[in-house]
Amino acid sequence: MLSRVRRARTGLRRSCPRKSPQRRTPPEKEPIPALQELKSVAAGDPTAALCRLLSSSDPALHDYPACSSLLYRLARARLFPELEALLLFVRSRRIPCKDSLFSALIRHFSRASLPDKALGLFLSIPSFNCPPGSPSTQTFNHLLDSLVDNGRHDEAESLFSRSSDFGLRRNHVSYNVILKGRLQRLGKDDGFAYARQLFDEMRKRGIGPSVVSYNLLIGFLTKNNNLSKAMDLKEKMIREGTYPNAVTYAILMKGLCSSDNYAAAKKLMFDMEYNGCKTKLVNYGVLMSDCRRRGDMEEMRKLFAEMRIRRMKPDDVIYSILINSFCTNGGVRDAYKVFVEMQVKGKFRPNAAIYRMMVDGFCKAGEFEKGLGVLNAMLASGHYPRVKTFECLISWLFEGGRVREICFLFEEMEKMKKGLALDVWHSLVKTVCLKCDDFADLLCELTSMAFVEDEENTFHHLHPP
DNA sequence: GGGCATCGAG
């Protein structure tokens with residue numbers, strides 16, 4: 001009986017043997033050399049690829065696959081003037097575009113804190129050669145979200161109320177974005193009242209609050225120290241016909257952890273399974289983050305082992321929590337093991353934050369040689385450390401008289417348009433003065449390059465040796 | 001023959 005209830009709640013069906021559908025192999029497509037070449041150029045130098053595309057007369061480059069792939073590439077590289085130039089080209093040539101391209105570009109503008117560009121692009125969609133029905137509600141929602149995330153609440157609400165002007169019907173996601181924006185600005189009581197009012201409106205329109213709507217409100221309550229009300233709401237949402245999911249439980253578990261009740265959070269993770277909701281990585285992530293906060297590495301290891309037993313494959317966030325925990329709790333070598341496992345076993349490429357944790361972890365532990373090794377990998381993958389990290393490693397290399405590596409790091413700092421702080425230079429000079437004549441030669445070598453002081457009181461290295 | 005696929009969470 002219980003298993004039937006659980007299946008009904010989770011929407012799972014009893015597994016039954018099914019014939020696997022006959023898979024047809026897609027027909028072989030002729031490779032398009034011009035497109036392949038453009039993509040390989042774009043991988044190294046997106047601007048050069050743009051020049052090639054604009055100056056070419058090859059019709060293969062003046063088509064959606066070539067233009068969209070380059071638009072995505074330019075967006076990722078945050079080369080927005082170049083991206084806009086290509087958009088003008090696409091529009092003037094009436095190249096057919098998909099609506100999803102605009103969604104993605106709006107998102108890129110938003111992440112780069114360019115909400116005006118996002119809005120401008122959305123409004124210009126009808127002037128492109130798009131399929132009927134563009135822009136879609138999904139693209140509209142991306143725009144609403146980009147405005148809310150950039151603090152442009154009034155514009156988001158104004159657009160939301162004028163959705164019909166664009167021939168669009170708002171859906172539950174549109175409502176949730178607006179709810180998220182309002183809850184960011186309202187206090188305890190007003191936020192709750194507003195949400196109830198919005199939920200009623202959603203029901204009247206036949207949309208109904210979704211699990212995300214409830215999660216937003218539950219999260220709002222836990223952040224406002226109203227954990228018991230949040231727990232009550234979880235029960236109420238079930239009565240109102242919406243079942244909590246792993247995120248709902250994660251939000252509540254985080255609330256319990258924040259009020260120093262780790263044991264209750266862990267118990268809730270077991271209870272959710274009993275209630276028919278499958279535990280996900282996010283639930284383990286909440287517990288592991290709390291272990292990191294409390295420095296409880298033993299429990300952290302237990303949780304990680306338990307995940308393994310349950311055959312849950314860690315994702316990049318879980319790896320990041322582990323690496324961070326080991327680095328901040330004096331286990332940099334364990335952190336490095338996880339860092340390697342993440343790449344070899346997990347097939348994840350470390351992001352800038354993970355590289356920074358690792359390099360800084362090694363520097364903090366005095367293992368500069370290893371820190372330098374990770375730094376090299378970091379720079380090779382196009383990520384940069386903090387200036388303080390450069391300073392720390394340069395000071396250490398200075399002690400060892402490793403001029404070539406110091407110069408390499410200076411060149412990398414130059415790319416970031418950064419320089420050493422004045423106090424770091426002072427300490428380097430002091431080191432030289434305390435050492436023998438060889439070090440004085442080293443100082444001459446390094447300072448033979450021209451430096452200029454800027455308003456931030458840092459020296460910019462003007463001429464790389 | 002194009003990609004990142006809306007909103008909540010670690």
Side-chain angles (χ1 to χ4, degrees), chain A residues 26-32 34-36 38-39 42 60-61 63-76 96-108 110-111 135-146 148-149 156 160 168 170-181 183-184 195 202 207 209-220 222-223 237 242 244-255 257-258 265 269 279-293 300 303 307 312 314-322 324-325:
Chain A
E28 283 279 318
K29 281 166 189 163
E30 282 289 313
I32 305 168
L35 178 59
Q36 301 305 324
L38 181 85
K39 281 160 75 174
L61 296 188
D63 203 358
Y64 185 67
C67 292
S68 65
S69 71
L70 187 52
L71 282 166
Y72 283 124
R73 176 69 67 175
L74 291 166
R76 272 207 304 273
C97 291
K98 284 190 179 177
D99 181 67
S100 56
L101 171 72
F102 295 103
S103 286
L105 297 183
I106 285 171
R107 200 146 196 89
H108 278 287
S110 175
R111 286 192 197 129
S136 65
T137 299
Q138 189 166 322
T139 302
F140 178 68
N141 291 340
H142 271 122
L143 174 69
L144 289 182
D145 199 41
S146 77
V148 166
D149 283 350
F160 175 76
L168 294 167
R170 306 178 289 212
N171 63 11
H172 64 282
V173 179
S174 328
Y175 275 93
N176 289 341
V177 172
I178 293 302
L179 176 63
K180 176 177 83 168
L183 291 179
Q184 280 170 12
M202 288 170 86
I207 299 165
S210 67
V211 64
V212 176
S213 323
Y214 284 102
N215 287 352
L216 280 162
L217 190 51
I218 289 173
F220 171 80
T222 58
K223 278 173 210 142
M237 70 188 272
T242 307
N245 63 10
V247 176
T248 318
Y249 284 100
I251 295 166
L252 291 168
M253 286 166 64
K254 195 185 169 199
C257 288
S258 305
M269 191 167 88
T279 306
K280 292 202 172 168
L281 289 176
V282 62
N283 305 100
Y284 275 96
V286 169
L287 294 184
M288 289 168 81
S289 285
D290 198 56
C291 289
R292 171 186 56 192
R293 182 179 69 87
M300 171 87 78
L303 290 170
M307 278 175 56
M312 293 173 84
D315 65 2
D316 54 340
V317 181
I318 295 287
Y319 280 124
S320 158
I321 296 168
L322 275 169
N324 191 350
S325 307

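Naming: A, B, ... by sequence-line order, numbering from 1 per chain. On a predicted model such as this, the values are computed, not experimentally measured, just so you know.
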inquiry  = Can you tell me if A/K254 touches the phosphate of B/dA9, counting only side-chain N or O atoms and a distance under 4.0 Å to OP1 or OP2?
reply    = no
ask   = Should A/K280 be listed as having a side-chain N or O under 4.0 Å from OP1 or OP2 of B/dA9?
value = no
Considering only side-chain heavy atoms of [X], which listed nucleotide, [options], is closest?
X	options	answer
A/K98	B/dG10, B/dG2, B/dA9	B/dG2
A/I32	B/dG10, B/dG8, B/dG1	B/dG1
A/Q138	B/dT6, B/dG2, B/dG8	B/dT6
A/Q36	B/dA9, B/dG10, B/dG2	B/dG2
A/L216	B/dG10, B/dG8, B/dG2	B/dG8
A/Y64	B/dG10, B/dG2, B/dG8	B/dG2
A/D315	B/dG8, B/dG10, B/dT6	B/dG10
A/P65	B/dG8, B/dG2, B/dG10	B/dG2
A/S100	B/dA5, B/dG8, B/dT6	B/dA5

inquiry  = Determine whether A/M202 and A/N176 satisfy the following criterion, side-chain contact (heavy atoms from CB on, under 4.5 Å), listing intermediate values before the conclusion.
reply    = CA-CA 10 Å; A/M202 288 170 86; A/N176 289 341; 4.1 Å; yes
Please classify the nucleic acid contact of [X] as base, sugar-phosphate, or nothing, using heavy-atom distances under 4.0 Å.
X	value
A/S289	sugar-phosphate
A/N283	nothing
A/Y214	nothing
A/L287	nothing
A/L35	base
A/V173	base
A/V282	base

request  = Ignoring hydrogens and angles, answer whether the base of B/dG1 and the side-chain atoms of A/D63 contain a donor-acceptor pair closer than 3.5 Å.
outcome  = no
Pair of N/O donor and acceptor under 3.5 Å linking B/dG8 base with A/N245 side chain = yes
ask   = For A/P96, which residues count as a side-chain contact (heavy atoms from CB on, under 4.5 Å) partner, sequence neighbours excluded?
value = A/N129
[X] has an atom [atom1]; how far is it from atom [atom2] of [N], in whole Å?
X	N	atom1	atom2	result
A/L101	B/dG1	CG	P	18 Å
A/L281	B/dG10	CG	P	14 Å
A/I218	B/dG8	CD1	P	15 Å
A/Q184	B/dG8	CD	P	9 Å
A/L179	B/dT6	CG	C1'	15 Å
A/M202	B/dG8	CE	P	14 Å
A/M237	B/dG8	CE	P	16 Å

message = Can you tell me how far apart OG (A/S110) and CG (A/L143) are? Round to the nearest 0.5 Å.
response = 9.0 Å
query = Can you list the steps and then say if A/F160 with A/Y175 is a ring-ring contact (aromatic ring centres under 6.0 Å, His included)?
reply = CA-CA 8 Å; A/F160 175 76; A/Y175 275 93; 5.1 Å; yes
ask   = Hey, are the side chains of A/P135 and A/F140 touching, using non-hydrogen atoms and a 4.5 Å cut-off?
value = no
message = Restricting to salt bridge (charged side-chain N to carboxylate O under 4.0 Å, His left out), what partner residues turn up for A/K180, sequence neighbours left out?
response = A/D145, A/D149
ask   = When you check the side-chain N and O atoms of A/T139 and A/S136, is any donor under 3.5 Å from an acceptor?
value = yes
